[in-house]
Amino acid sequence: MPNRLAHETSPYLLQHADNPVDWWPWSADAFEEARRRGVPVLLSVGYSSCHWCHVMAHESFEDPATAALLNDHFVSVKVDREERPDVDAVYMEAVQAATGQGGWPMTVFLTPDAEPFYFGTYFPPEPRHGMPSFGQVLEGVRSAWTDRRDEVGEVAGRIVADLAGRSMPESLTAADQRPPRPEELHTALMALTREFDAVRGGFSGAPKFPPSMVLEFLLRHHARTGSGAALEMVQATCAAMARGGIYDQLGGGFARYAVDANWTVPHFEKMLYDNALLCRTYAHLWRTTGSDLARRIAVETADFMVRELRTDEGGFASALDADSDDGTGKHVEGAYYVWTPEQLRTVLGEKDAEFAAQYFGVTEEGTFEEGASVLQLPDIGGLADAERVVSVKRRLIAAREERPRPGRDDKIVASWNGLAIAALAETGAYFDRPDLIQAATDAADLLVRVHMDWQARLHRTSRDGAPGANSGVLEDYANVAEGFLTLASVTGEGVWVEFAGFFLDTVLIQFTAADGALYDTAADAETLIRRPQDPTDNATPSGWTAAAGALLSYAALTGSGLHRDAAERALGIVTALGGRVPRFIGWGLAVAEAALDGPREIAVVGPQDDPATRALHRAALLGTAPGTVVALGAPGSDDSEELPLLMERPLVDGRPAAYVCRNFTCERPTTDPEELAERLRAEV
């Protein structure tokens with residue numbers, strides 16, 4: 001019989017709806033039930049594409065004996081971390097503080113007042129490698145709760161008090177409430193240079209995560225200063241990732257991370273946010289260098305998002321699972337993606353299989369489990385025959401389509417769709433792909449139609465065209481605003497700037513403290529044991545630094561001093577942290593580069609169907625000056641009213657023109673796209 005999760009919309013929660021565990025969703029009713037029964041709460045947090053979440057579910061939550069123990073002595077609460085990042089953040093901080101590490105599934109035991117007192121992540125069904133079994137943990141917690149309740153309460157009280165004292169990872173002093181200066185951004189560059197893996201690209205060792213936000217900072221730093229070292233780190237890292245197993249060499253798109261330092265073996269889940277961020281990174285690398293590799297990866301990644309993640313409603317699904325059926329009914333990580341030499345021979349025949357094995361690095365020994373290989377692009381000299389490669393890839397893709405596909409988490413997350421809108425809009429504009437711009441527009445329409453209420457407040461998620469009950473967090477407002485501002489620059493439709501302004505006003509009212517610091521949840525959001533506040537990047541830009549970037553761009557388009565001041569105050573945290581932990585505040589460093597450069601404000605005036613207007617607009621979009629904003633419209637049009645940057649910008653001798661400005665002070669206009677491009681190149 002299904003449990004309470006059967007009424008939820010989250011695919012992750014629905015995966016547990018038939019468990020024998022009597023699950024509750026996160027709710028006041030669940031804690032009231034624990035209080036009524038006098039039992040502790042088991043909080044289990046995960047997400048649909050999490051491999052070890054599935055493992056623990058199969059081993060423990062589908063086990064009748066374990067379920068009976070949970071049902072008799074606990075109230076069990078299941079949370080999708082992607083739906084409730086606030087709940088996840090608060091308790092993950094407690095787990096990391098107590099154990100020195102974190103991860104998912106996250107397993108936390110709480111009092112009926114939601115105070116944590118025991119923590120962990122994955123627990124096996126039997127004792128293993130010094131780790132207790134999940135059953136032993138449950139018995140231990142039950143015993144402590146029954147026999148030492150006062151002691152448990154004291155522990156929980158100390159933990160909550162400790163969390164309350166962690167108001168900021170790094171205090172914002174008065175001296176830090178300013179954007180970084182050039183010398184401080186140079187210090188961040190030097191710190192990254194020391195951590196850079198000059199042999200394999202990227203930063204640090206295994207596991208290796210795509211450092212998209214750091215790469216954006218390095219591209220912008222190169223654009224502002226001409227730093228060769230910054231650009232070299234981007235080029236080396238992007239080439240290594242594009243040629244490695246972390247990139248799907250057949251279907252495009254990036255896996256979440258590589259388990260090794262060489263980018264060879266990925267953790268195969270594919271997340272919307274990674275692909276949106278990396279699509280934009282490669283597009284910006286092409287804009288800077290003209291690299292054919294960067295162009296190919298940007299376009300293939302955009303096509304992957306549209307082909308594999310786009311939903312019927314026009315938004316973009318959250319993720320593809322790492323696991324899929326291996327053909328025997330067993331779910332295995334990577335089964336959809338890996339190949340053996342024998343499988344190549346079956347599909348391609350002997351000669352083409354030999355060619356493909358060399359081209360993609362497939363060996364008898366394999367690079368993954370049971371002799372299978374993850375496809376890569378090793379350096380094979382002159383072996384690559386372009387027509388043969390196309391033929392081989394076409395046949396392998398067709399054969400792979402016959403395999404059981406990984407599951408898809410089809411909930412729409414506002415924040416990640418904002419990232420996808422920005423990436424698809426720019427990629428479509430750079431490479432003359434109006435279909436990608438239309439896909440970005442459709443996703444933006446969905447966010448307005450389904451996620452936004454009449455007060456311009458955002459729902460974080462939706463599914464099948466229906467909004468979730470969960471409220472948007474800071475990153476939702478910030479990244480949706482960023483996506484809408486980018487879409488406005490590409491399409492010239494000022495309505496997207498207007499919507500972005502609504503969301504950023506909510507940021508100022510609901511998420512901003514008097515000193516300019518930002519919280520991850522709104523002032524009127526559900527009260528947790530502490531209000532989460534984290535300025536550092538994780539898998540995506542932090543809400544704090546994403547808001548700083550969107551506020552800065554909005555101010556540049558509208559001339560709003562209020563939004564500019566808020567952006568500069570928010571960048572104070574980058575001054576505090578940028579030189580010490582640049583890898584964890586890369587987006588903040590990128591925004592700081594834009595603030596130092598102005599950012600440039602470009603008004604392109606003229607009829608949009610005029611080839612001269614289009615040429616100027618393209619030159620503006622391809623400008624590499626950090627954080628450049630572009631307004632497009634005809635003098636006197638409705639868009640000029642929605643975009644103050646366009647106001648009082650006439651044609652020049654009756655011809656379309658471009659105005660390059662900073663702080664709404666403009667240079668003489670130009671009608672020459674080449675001159676405009678020259679003005680927007682790096683200042684060195």
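Not measured: the values here are computed from a predicted model.
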Ion pair check, [X] and [Y], cut-off under 4.0 Å:
X: K270; Y: E308; value: no
X: R408; Y: D410; value: no
X: K411; Y: D80; value: yes
X: D29; Y: R4; value: no
X: E482; Y: R280; value: yes

*With sequence neighbours excluded, what pairs up with D312 under the side-chain contact (heavy atoms from CB on, under 4.5 Å) test?*
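Applying side-chain contact (heavy atoms from CB on, under 4.5 Å) to D312 gives none.
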
*Please identify each residue that fulfils side-chain contact (heavy atoms from CB on, under 4.5 Å) with D520, with sequence neighbours left out.*
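L474, P532, D534.
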
_Spacing of C50 atom SG and D321 atom CG [to the nearest 0.5 Å]_ =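 Result: 10.0 Å between the selected atoms.
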
*asked:* For the CE atom of M647 and the OG1 atom of T558, what is their distance to the nearest 0.5 Å?
replied: 12.0 Å

Closest non-hydrogen atom pair between [X] and [Y], with its separation:
X: E82; Y: V413; answer: O-CG2, 4.5 Å
X: G245; Y: P266; answer: O-CG, 3.5 Å
X: T441; Y: W496; answer: CG2-CZ2, 4.2 Å
X: T491; Y: Q608; answer: O-OE1, 3.4 Å
X: P11; Y: D409; answer: CG-OD1, 3.2 Å
X: W544; Y: A570; answer: NE1-O, 2.8 Å

*Can you check salt bridge (charged side-chain N to carboxylate O under 4.0 Å, His left out) on D248 and R400, steps first, answer last?*
CA-CA 12 Å; D248 182 351; R400 194 173 78 171; 3.0 Å; yes

*Run the ring-centre check on Y519 versus F511 and record whether the distance is less than 6.0 Å.*
no

*asked:* Can you confirm whether or not the ring centre of Y12 sits under 6.0 Å from the ring centre of Y47?
replied: no

Check whether any side-chain heavy atom of [X] lies under 4.5 Å from a side-chain heavy atom of [Y], and answer yes or no.
X: M305; Y: L424; answer: yes
X: V87; Y: L528; answer: yes
X: Y336; Y: R405; answer: yes

What residue among [options] forms side-chain contact (heavy atoms from CB on, under 4.5 Å) with [X]?
X: L680; options: T624, L622, I602; answer: I602
X: R463; options: T311, L14, V450; answer: L14
X: T427; options: I437, L436, V490; answer: L436

*Would you call the rings of Y477 and F503 parallel, tilted or perpendicular if under 30° counts as parallel and over 60° as perpendicular?*
perpendicular

*asked:* Check the orientation of F209 and Y257. Use parallel for under 30°, tilted for 30 to 60°, and perpendicular for over 60°.
replied: tilted

*Quick one: which residue pairs count as a side-chain hydrogen bond (donor to acceptor under 3.5 Å, both in side chains) with a foot in residues 498-508, not counting sequence neighbours?*
D505-H563

*Sequence neighbours left out, what pairs pass ring-ring contact (aromatic ring centres under 6.0 Å, His included) with at least one residue falling in residues 447-475?*
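The answer is none; no pair qualifies.
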
*Under the ring-ring contact (aromatic ring centres under 6.0 Å, His included) rule, what pairs show up with a residue in residues 293-315, not counting sequence neighbours?*
none

*Cation over ring, R220 on W587, under 6.0 Å and within 45°?*
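Yes, R220 sits over the ring of W587.
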
*Cation-pi check, R81 onto W104 ring (under 6.0 Å, within 45° of axis)*: yes

*Determine, step by step, whether D524 and R457 satisfy the salt bridge (charged side-chain N to carboxylate O under 4.0 Å, His left out) criterion, reporting the C-alpha distance in whole Å, the side-chain angles of both residues, the deciding distance to 0.1 Å, and the verdict.*
CA-CA 12 Å; D524 59 2; R457 299 296 291 272; 3.0 Å; yes

*Under the ring pair (Phe, Tyr, Trp, His ring centres under 6.0 Å) test, which residues partner F316, sequence neighbours left out?*
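F316: no ring pair (Phe, Tyr, Trp, His ring centres under 6.0 Å) contacts found.
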
_Test salt bridge (charged side-chain N to carboxylate O under 4.0 Å, His left out) applied to R433 and D303, step by step_ = CA-CA 10 Å; R433 288 284 303 275; D303 285 339; 2.7 Å; yes

